[in-house]
Colleague: 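After the structure tokens below, expect a handful of questions from me.
Not measured: the values here are computed from a predicted model. The figures that follow rest on heavy atoms only: side chains count, while hydrogens, waters and symmetry mates do not.
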Amino acid sequence: MSRFNEPQTHASQRPVAIKPSDGKAGVADFPPGTTGAAVSGTPRRFGTKEAMRSITVLKAAERHLAQMEGKYRGLLEAAPDAMIVVNEAGEIVLLNLQAEKQFGYRRDELLGQKVTNIIPEGFAERLVADDLRSAEDAVSQQIGTGIELTALRKDGSQFPIEIMLSPLESAEGILVTAAIRDISVRKAAEEHLGQMESRYRGLLEAAPDAMVVVNQSGEIVLLNVQAERRFGYRRDELLGQKVTNIIPIGFAERLVADDLRSAEDALAQQIGTGIELIALRKDGSEFPIELMLSPLESSEGILVTAAIRDISVRKASEEHLAQMEGRYRGLLEAAPDAMVVVNQVGEIVLLNLQAEKQFGYRRDELLGQKVTNIIPIGFAERLLADDLRSAEDALAQQIGMGIELTGRRKDGSEFPIELMLSPLESAEGTLVTAAIRNISVRRDAEKYLAQMEGRYRGLLEAAPDAMVVVNQGGEIVLLNLQAEKQFGYRRNELLGQRVKNIIPEGFAERLIADGLRSAEDALAQQIGTGIELHGRRKDGSEFPIELMLSPLGSAEGILVTAAIRDITTRKKAEAHLLQKMEELNRSNEELEQFANIASHDLQEPLRMVASYTQLLARRYKGRLDSDADEFIAFAVDGANRMHRLIQDLLTYSRVGSQGKDLVEISSEEALQQALLNLRGAIEEGGALVTHDELPVVLADEVQLTQLFQNLVGNAIKYQSPGVPQIHITAARNGGKKWVFSVKDNGLGIDPQYFERIFGMFQRLHKREEFAGAGIGLAICKKIVERHGGSISVESQPGQGSTFSFALAGSEKKS
Amino acid sequence: MKDIGEEGLPLEVLLVEDSPGDVRLTREAFRDAGRAINLKVASDGVEAMAVLRREGPHVHAIRPDLILLDLNLPKMDGREVLACIKADTGLKTIPTVVLSASSAQVDIEKSYQLQANCYFTKPVQLDEFDSLVKSITDFWLTKVKLPRPALTDDPKIGSDPVKRTAARLSAR
């Protein structure tokens with residue numbers, strides 16, 4: 001809201017440049033006619049018909065003059081201006097010496113003459129009434145007003161005049177007294193002033209600051225375009241207005257004299273001094289300004305030129321600066337550590353609250369004091385150059401490193417501190433900021449840690465294995481008694497040594513990052529995994545070790561605790577076991593080979609026995625006695641049984657010796673082959689063999705066929721009355737294995753025989769009841785075991801049997 | 001039924017067998033099969049090859065129409081004999097039947113790899129053996145057409161049928 005919306009009661013509307021001033025404050029108006037000569041009196045009316053040009057008139061004038069003489073001539077002649085008195089006919093009836101001088105006439109040459117002779121235009125006309133106004137009116141309109149006209153001298157030259165008219169009642173009617181001032185000089189001065197003003201205005205407008213010129217009454221008489229812009233007014237809105245409208249407080253007051261000083265004094269005090277005030281824009285917003293005042297003498301008295309600088313930005317930057325310092329100080333004060341800033345000579349130049357607290361001094365007790373008062377040893381020395389290094393070097397060496405020193409409080413007590421130094425460039429040279437941390441607590445913690453370590457050491461020493469703790473550089477930083485014993489070193493021979501000295505290969509490498517992984521990754525891969533390596537004793541002998549690594553976060557980075565177990569005994573046991581296993585395998589192989597060879601080689605003589613006893617029986621049956629026939633029959637039967645045993649033994653041994661690699665095969669196809677092989681038996685027994693979809697498995701196809709053949713064959717063989725029904729299924733057992741089941745509705749088996757039926761040559765039935773050597777299920781068991789599975793049976797006598805076996809499956813579905 | 005081939009000559013069978021019991025059984029079986037053939041016996045591989053190549057004392061040996069070969073033989077086993085026969089241009093056309101006690105797949109496989117004409121496992125049962133020999137007789141010595149070696153393959157005998165018969169008889 002602009003204050004200009006309020007009624008302006010005090011504002012003057014007159015042009016300032018030509019308004020006279022008496023030089024005194026508060027005086028603004030002048031009564032008209034003051035510039036006129038000392039002509040006064042009460043105006044009277046003139047008769048208009050009494051105008052004449054005659055002796056009579058002259059006489060009367062002389063008379064009048066004579067009358068006037070005493071009273072006015074002194075005044076008239078003393079007037080600085082030319083004065084003429086003109087009657088209504090435009091004839092000069094009176095004049096003074098100045099008029100004679102100005103116009104170059106003698107008095108008698110002008111008296112009675114038309115005034116147009118000396119003022120050709122603009123005067124006489126004003127005496128004449130026209131249609132619109134009476135002569136009185138015409139004159140009265142001009143009375144009291146300075147009129148600028150051109151006068152004509154006797155020699156014909158012209159000069160500018162200002163005339164002031166005033167009526168003069170006389171016996172001859174109304175006369176007009178004209179005070180005529182030669183304004184040649186003023187005109188020239190005005191012209192000069194105009195030139196000056198345009199120059200001055202150029203300067204004014206070119207000024208970077210808003211400029212307003214204010215008169216003593218506080219009114220704006222001049223302003224520049226910056227002032228318009230800054231305050232948001234048009235020029236004409238500001239001219240003549242009170243300056244308080246744009247600078248409400250602090251400017252106008254300075255123009256006013258009070259009891260103690262004159263206006264000049266008031267102003268003088270402010271001249272040349274920047275005054276910070278608040279300015280007000282047209283829109284009501286405020287902004288900070290700096291005011292520079294300078295006096296300007298003018299015809300209207302002393303004016304004040306005010307250069308107004310918008311200092312918003314400067315204010316803002318000053319504020320920012322103050323804020324920054326506030327913040328910095330805030331930071332300093334907020335720092336958890338005591339902070340002191342020290343100059344190169346070791347004097348404290350700045351400190352924070354914590355510093356006060358920690359050292360027990362008030363701030364002013366420390367400022368300017370030597371820092372050795374609070375840190376007696378080790379700090380100030382670091383600020384000093386010695387022969388070997390410059391102060392900068394001395395400092396640089398310490399920058400960023402914690403230095404442990406002792407601080408001293410005001411009461412003389414000391415406490416452990418850690419010092420962190422950082423350089424601080426300043427106008428006063430390099431200062432050093434020292435962050436001082438009271439490490440009493442940390443010291444205590446370290447002590448506690450040491451206690452803990454003592455306990456930990458107890459554990460370490462109690463460990464059954466050799467333990468070494470290794471840093472990332474591969475150096476042994478801790479070890480236990482067992483480590484000493486195992487490697488044959490004394491403890492101090494190992495501490496700080498490379499772990500490579502005792503574990504030449506495979507450990508240090510694991511601590512090192514390579515291009516593909518970080519040290520942490522490298523380590524992580526090994527953590528918790530036993531690694532078998534070789535340890536080397538002091539005497540150079542090596543022994544097998546198993547290494548268990550675990551990370552140990554510490555102040556020095558990640559350490560690695562290695563538990564080292566001497567696995568010589570285990571290795572020996574393993575080697576022994578391996579040897580035994582090899583022996584066993586060899587023995588098994590030999591056994592199989594033996595079985596194979598034996599059964600093979602047994603075949604030959606057996607065949608002889610069998611063939612010739614049969615030949616005997618064929619050729620001599622009934623030709624010897626009955627005993628001979630019976631004997632021959634037993635011999636033939638024995639040979640046949642032996643033949644079958646040998647065949648079975650051969651088959652059994654071949655499960656292992658002639659088995660093929662396990663490959664992915666269709667178990668369904670194996671079953672189909674088995675059923676094809678059993679076609680005769682199935683038809684003969686009238687059996688109904690069904691199966692579900694069967695999977696692809698990892699198996700030896702020949703053996704899987706044999707397996708199905710034996711199981712299905714048994715199911716048909718041991719049938720109960722009725723149609724033998726056999727169903728084969730396969731199901732996953734949760735893992736990758738498939739469990740096959742061959743279920744029949746046959747005789748069933750008493751659970752007490754479950755174990756026995758899978759043994760070699762185990763029979764549950766008499767030879768007369770069922771043929772067979774009792775090796776079929778033993779072969780089944782051996783086949784399943786060779787496939788990494790197991791076989792079992794579920795059965796009850798008379799309830800049928802279910803033989804189940806598991807085989808490793810394949811990803812493929814059959 | 002006559003014990004002669006197409007040319008009216010007796011059939012010649014070479015039995016390579018080291019077991020006298022098997023030799024006798026084979027003879028009995030051939031006899032039971034009703035075919036009187038000339039059964040020449042070699043009791044080891046070396047002798048078998050000497051007979052076939054008519055070397056040493058077997059210089060007058062008659063080329064057999066059929067070879068019955070056991071695998072387990074002293075000196076030179078049946079596989080080597082088989083390999084030698086099938087590698088010999090003059091001998092490889094003679095049908096060579098392996099008659100072994102072994103029923104091992106490796107033996108069967110190996111024999112056929114060496115181009116045995118067929119492989120039999122000697123049955124333990126006498127009846128089965130008889131019927132096997134009868135089958136061999138029926139097939140290899142009756143039904144099968146066999147190549148006759150060129151009469152000029154033995155310069156000493158030539159193509160004279162009388163000389164050939166004489167040679168056969170003398171070799172017996």
Side-chain angles (χ1 to χ4, degrees), chain A residues 589 592-621 632-633 635-661 677 700-703 705-706 771 773 779, chain B residues 15-34 39 41 43-45 68-75 77-79 98-113 119-136:
Chain A
E589 276 170 29
E592 277 179 3
Q593 209 177 355
F594 168 77
N596 201 0
I597 291 168
S599 47
H600 186 272
D601 292 346
L602 280 172
Q603 292 274 65
E604 293 298 299
L606 171 65
R607 211 160 37 76
M608 292 300 102
V609 173
S611 298
Y612 284 99
T613 49
Q614 285 169 23
L615 194 56
L616 262 180
R618 185 189 297 169
R619 293 202 183 161
Y620 300 101
K621 189 169 184 184
I632 290 167
V636 168
D637 181 55
N640 285 344
R641 273 167 43 210
M642 187 172 177
H643 169 64
R644 199 172 297 117
L645 282 172
I646 288 169
Q647 282 297 322
D648 288 348
L649 202 60
L650 203 56
T651 306
Y652 185 82
S653 74
R654 280 175 186 165
V655 171
S657 66
Q658 296 190 5
K660 296 192 171 58
D661 289 342
N677 295 347
D700 175 338
E701 187 165 20
V702 173
Q703 292 187 347
T705 301
Q706 171 95 64
I779 288 170
Chain B
L15 174 64
V16 188
E17 174 62 75
D18 66 324
S19 160
D22 274 317
V23 172
R24 180 64 195 269
L25 270 182
T26 308
R27 265 190 211 289
E28 292 296 327
F30 271 117
R31 203 186 70 192
D32 288 354
L39 189 68
V41 175
S43 58
D44 63 57
L68 293 177
L69 180 65
D70 187 16
L71 289 181
N72 290 328
L73 297 170
K75 293 183 184 173
D77 80 4
R79 297 163 196 85
V98 176
L99 196 57
S100 167
S102 170
S103 56
Q105 275 297 321
V106 285
D107 290 332
I108 296 164
E109 173 84 16
K110 180 72 177 170
S111 297
Y112 282 105
Q113 286 290 342
Y119 186 106
F120 293 106
T121 300
K122 292 172 184 170
V124 173
Q125 304 301 320
L126 187 61
D127 292 347
E128 290 173 24
F129 189 72
D130 286 346
S131 89
L132 173 63
V133 171
K134 193 171 187 316
S135 296
I136 290 170

Colleague: Please name the pair of heavy atoms, one in B/L25 and one in A/S611, separated by the smallest distance, quoted to 0.1 Å.
Modeller: CD1-CB, 3.3 Å
Colleague: List the atom of A/R619, the atom of B/D32, and the distance in Å for their closest heavy-atom pair.
Modeller: NH2-OD1, 4.3 Å
Colleague: Compare every heavy atom of A/R607 with every heavy atom of B/P123, then report the nearest pair and how far apart it is.
Modeller: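 So the two residues come closest at O-CD, 3.3 Å.
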Colleague: When you look at CZ of B/R24, are more than 12 heavy atoms from neighbouring residues, nucleotides or ligands closer to it than 6.0 Å?
Modeller: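 Count not over threshold, so no.
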Colleague: With a sphere of 6.0 Å drawn around OH of B/Y112, does it hold more than 12 non-hydrogen atoms of other residues, nucleotides or ligands?
Modeller: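 Atom OH in B/Y112 is crowded, with more than 12 foreign heavy atoms closer than 6.0 Å.
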Colleague: Nearest 0.5 Å please: distance from the OG atom of B/S100 over to the CD atom of A/E604.
Modeller: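 Reported value, rounded in 0.5 Å steps: 7.0 Å.
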Colleague: Evaluate the side-chain proximity of B/S19 to A/M608: yes if any heavy-atom separation is below 4.5 Å, no if none is.
Modeller: yes
Colleague: Side chain, backbone, both or neither: which part of B/N72 has an atom under 4.5 Å from a heavy atom of chain A?
Modeller: side chain
Colleague: Go through the atoms of B/D130 and report whether side chain, backbone, both or neither lie under 4.5 Å from a heavy atom of chain A.
Modeller: side chain
